[in-house]
Amino acid sequence: MGTLFWVAGVVIALCVAVFLADRVLLAMEARGWIYWRKTKRLSSIGVDLVQEGSPGAQAAKRAMEQERVRKNVRPAADPPAPLRVDLDAGTVHIRRQDGDAREQ
């Protein structure tokens, strides 16, 4: 019976030690000294270099750049908006869709 109490005491002591170590490491992380559990870890440089050199990564990067350029560039021949609201004057100008330039 004495051995059972001794083993239970050791297990409880280990659990308390692990809990206290976790709390200490979380406090160090809160001060910015280390990364432990709560803060997102930074990616390693080696993994980034390997991914940059692969053809798949280069193709994905090129496609992302093309999409970014496509979204930022508007065609020069955009027709004027069919509806214009002038809040200061309290008027609304509607342009006909058939190409007539008169405003009503």
Side-chain angles (χ1 to χ4, degrees):
M1 192 67 154
T3 307
L4 181 62
F5 286 123
W6 184 79
V7 170
V10 169
V11 169
I12 291 172
L14 284 174
C15 289
V16 169
V18 168
F19 175 77
L20 291 176
D22 181 57
R23 289 285 132 190
V24 168
L25 291 170
L26 283 174
M28 291 172 69
E29 182 181 40
R31 289 178 177 83
W33 296 344
I34 63 169
Y35 295 112
W36 176 241
R37 284 193 310 150
K38 303 282 183 179
T39 306
K40 183 178 177 182
R41 290 181 173 81
L42 299 174
S43 61
S44 66
I45 295 173
V47 172
D48 291 340
L49 289 176
V50 169
Q51 289 177 352
E52 283 293 322
S54 69
Q58 291 174 355
K61 187 175 180 182
R62 185 171 45 251
M64 288 172 50
E65 183 62 31
Q66 288 172 350
E67 183 67 17
R68 188 177 305 121
V69 168
R70 185 188 68 80
K71 284 184 177 181
N72 287 335
V73 176
R74 296 185 66 193
D78 276 347
L83 180 68
R84 188 180 62 163
V85 179
D86 187 359
L87 295 177
D88 293 331
T91 59
V92 176
H93 302 277
I94 300 173
R95 186 178 304 256
R96 292 185 184 173
Q97 293 295 332
D98 60 357
D100 190 9
R102 289 186 315 169
E103 293 183 358
Q104 300 202 4

**Request:** Output every pair passing side chain to side chain donor-acceptor pair (under 3.5 Å) with a member in residues 5-14, not counting sequence neighbours, ordered by first then second residue.
**Result:** none
**Item:** Listed once per pair and sorted, the side chain to side chain donor-acceptor pair (under 3.5 Å) pairs that draw on residues 8-21, sequence neighbours left out
**Value:** none
**Asked** Should Arg62 and Glu65 be marked as a salt bridge (charged side-chain N to carboxylate O under 4.0 Å, His left out) after you check the CA-CA gap, both sets of side-chain angles, and the distance that decides it?
**Response** CA-CA 5 Å; Arg62 185 171 45 251; Glu65 183 62 31; over 6 Å; no
Side-chain atoms of residues 7-26: list all donor-acceptor pairs with protein atoms under 3.5 Å, sequence neighbours left out, distances to 0.1 Å.
unit_1 : atom_1 : unit_2 : atom_2 : d
Asp22  : OD1    : Trp36  : NE1    : 2.7
Asp22  : OD1    : Arg37  : NE     : 3.3
Asp22  : OD2    : Arg37  : NH2    : 3.3

**Request:** State which residues pass side chain to side chain contact (heavy atoms under 4.5 Å, CB included) with Ala89; sequence neighbours excluded, sorted by chain then number.
**Result:** Asp86, Thr91
**Request:** Under the side-chain hydrogen bond (donor to acceptor under 3.5 Å, both in side chains) rule, collect the residues that match up with Glu67, sequence neighbours excluded.
**Result:** Arg70
